[in-house]
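Input: a single structure, listed below in structure tokens.
Note on naming: letters A, B, ... go to the chains in the order of the sequence lines (proteins, then strands), and numbering restarts at 1 for each one.
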Protein chains: 2
Amino acid sequence: MISRKFLMGRGREQLSISERKMIESSISSVFEIAARKPLVRHGESLDKSMLLLEGFVCRYKKDMTGARQAVEFHVPGDFLDLHGFGLKRLDHDIETISEAKVATFNHDVLTIITEQWPNLSKSLWFSTLLDASMHRKWIFSHGRLRAEGRIANFLCEIYVRLDMVGLVTDGAFHFPLTQPDLGEITGLTGVHVNRVLRSLRSQGFFAADRRSIQILDYEGLARLGEFNADYLLPPSTSAKRAP
Amino acid sequence: MISRKFLMGRGREQLSISERKMIESSISSVFEIAARKPLVRHGESLDKSMLLLEGFVCRYKKDMTGARQAVEFHVPGDFLDLHGFGLKRLDHDIETISEAKVATFNHDVLTIITEQWPNLSKSLWFSTLLDASMHRKWIFSHGRLRAEGRIANFLCEIYVRLDMVGLVTDGAFHFPLTQPDLGEITGLTGVHVNRVLRSLRSQGFFAADRRSIQILDYEGLARLGEFNADYLLPPSTSAKRAP
DNA sequence: CGGCTGCTTGATCAAGTTCAACTTTTGTGG
DNA sequence: CCACAAAAGTTGAACTTGATCAAGCAGCCG
């Protein structure tokens, strides 16, 4: 079922069988795309929205010099540009970080959902509210935390979000981000990310090999990064964290 | 009409007469509140949402030490906690900055709107998408701009948003924020805000008396703060900016 | 193989914080 | 309305964080 990870990561209301079927039948196409490719460019007009099925994707705003600030990091189960359904165009770019698999939903089908499927609509709205909640956490992180805290905070976020969609095994997960990527996310330079990562690694908070990370001390990272998963409103069945 | 500023600031779709009447009749109460008072505390469960009619309000996340990071600044016409309708509880606090006047909407009435008034629902959803868009601009500002740029950027934001709801006259507007307030918004200390403000003032970008600001060089501030009002998706009738 | 990108490390520099002191303004109670 | 306390505004000096500049090394892709 294509919507499975969406329901794991973003679903909070119970959906009926017919509602799930409606989601599945709303999909207009599924495609794969290589790493480091643009999915949406800011300002272009949109007539469909994309659900990420596999891989990692990031949204970016560019500064005057072309340097990028990431504004959201996406894991499987996330809609990538559902905001585009309401706004019709985006104020930022969307690009893959790893190779990815994506399902698309035409906006005219989403319009039918908003008109005839109130419970599903609410679920879509809810998903965009979660995006906003994640945005607020990033504002907090960038405004109040020092480099070490920001990085610890982001590691906690991705760990918890990947765990929600079943992509963490024994505290470890696939993590193909480069140090410059982390810099674009945390508002630091790649050089400084390098120094902080090493310090965190040497303190035993996590271990990393080429393309994956294992979290060794989630509690410690959460303390450093002042991280609390409540902002994700985790499904009530498991209000606990830190598996 | 109580929803007038909402329509000026957040309305993008044409609403019918009956839809406007529905909004007006959905209001359950209107109240006034003093400056520096809490409106919503994080985590508390919500059964109504508030529309700001007059005054300034801010949303905050607190760090470990109790220091606050503002995550959104609200002007008249903004819903303050519409996100609470979907999320049922907030991850942050909402507090008045000035004295304020607020209209409340019970969630059961909003539920009726989502079930029976698709066009109105979309308008409410759109308003929360604009909040997310503003959040993203703050992430960019905090992640990529230096102190001077961040402050210039915020001054542009508030100037444009207040202008949209008709609260700017000859480039001037009521502005009761203290320098520590600006620090909580921009992620800087009050001391540094002081130095930067003075530098901007002495360069002729704006003038300030006790409780108001007059923007003298919007273009210059926008350049400094890398500000572009597109992210607010201004009503198409006036895609122009910088009155 | 060659070149690009990322990773690593050191040295220097600049931005912004912290601490401290003092002045001005604002709000409150008598 | 005045006195006083609390908060905001201002300024300087020392200090810290992270950026910038620079250089060498290691993977990876074509």
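A:Glu148 meets the side chain to side chain donor-acceptor pair (under 3.5 Å) test with no other residue; sequence neighbours excluded. Partners of A:Thr169 by side chain to side chain contact (heavy atoms under 4.5 Å, CB included), not counting sequence neighbours: none found. Shown here are the side chain to side chain contact (heavy atoms under 4.5 Å, CB included) partners of B:Ala67, two or more places apart in sequence or in another chain: A:Arg144, B:Asp63, B:Thr65. Evaluation of the salt bridge (Lys or Arg N to Asp or Glu O under 4.0 Å) rule for B:Glu226 yields no partner, not counting sequence neighbours. Evaluation of the side chain to side chain contact (heavy atoms under 4.5 Å, CB included) rule for B:Val165 yields B:Lys5, B:Met8, B:Leu167 as partners, not counting sequence neighbours.
Distances shorter than 4.0 Å separate none of the side-chain N or O atoms of B:Thr189 from OP1 or OP2 on C:dG16.
Atoms CZ (B:Arg146) and P (C:dA14) sit 13 Å apart, rounded to a whole Å. Between the P atom of D:dT17 and the CZ atom of A:Arg150 lies a distance of 13 Å, rounded to the nearest Å. Remark: P of D:dG9 and CD1 of B:Ile213 are 11 Å apart, rounded to the nearest angstrom. Taking atom NE2 of residue A:His142 and atom P of nucleotide D:dT17, one finds them 19 Å apart after rounding to whole Å. Nucleotide C:dG16 holds its C1' atom 14 Å from the NE2 atom of A:His192, rounded to whole Å. The CZ-C1' distance, from A:Arg36 to D:dC28, rounds to 13 Å in whole Å. Between the CD atom of B:Glu184 and the P atom of D:dA7 there is a distance of 13 Å, rounded to whole Å. Rounded to a whole Å, the CG atom of A:Leu188 is 16 Å from the C1' atom of C:dA14.
Within the structure, salt bridge (Lys or Arg N to Asp or Glu O under 4.0 Å) pairs that include any residue of residues 47-61 of chain A comprise A:Glu54-A:Lys101, A:Arg59-A:Glu72, A:Arg59-A:Asp131, A:Lys61-A:Asp91 (at least two apart or interchain). Contacts classified as salt bridge (Lys or Arg N to Asp or Glu O under 4.0 Å) and involving residues 27-42 of chain B (residues at least two apart or in different chains) are given here: B:Arg36-B:Asp181.
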N/O-N/O pairs, protein side and nucleotides 7-11 of chain C side, under 3.5 Å:
| from | atom 1 | to | atom 2 | distance (Å) |
| --- | --- | --- | --- | --- |
| C:dC7 | OP2 | A:Gln179 | N | 2.7 |
| C:dT8 | OP2 | A:Gln179 | NE2 | 2.8 |
| C:dT8 | OP2 | A:Asn194 | ND2 | 2.8 |
| C:dT8 | O5' | A:Asn194 | ND2 | 3.4 |
| C:dT9 | OP2 | A:Arg198 | NE | 2.5 |
| C:dT9 | OP2 | A:Arg198 | NH1 | 2.9 |
| C:dT9 | OP2 | A:Arg198 | NH2 | 2.4 |
| C:dG10 | N7 | A:Arg195 | NH1 | 3.2 |
| C:dG10 | O6 | A:Arg195 | NH2 | 3.3 |
| C:dA11 | N6 | A:Arg195 | NH2 | 3.1 |

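Between A:Glu44 and A:Arg89 there is no salt bridge, since no side-chain nitrogen of the basic residue lies less than 4.0 Å from a carboxylate oxygen of the acidic one.
Among the heavy atoms of the strands, none lies under 4.0 Å from A:Gly183. B:Arg211 comes within 4.0 angstrom of sugar-phosphate atoms only, judged by non-hydrogen atoms across all strands, and of no base.
In the helix from C:dC1-D:dG30 to C:dG30-D:dC1, the end axes, each obtained as the rotation axis mapping the C1' atoms of four pairs onto the next four within a five-pair block, lie 60° apart to the nearest 10 degrees.
Side-chain rings of A:Phe73 and A:Phe154 approach one another, their centers coming within less than 6.0 Å.
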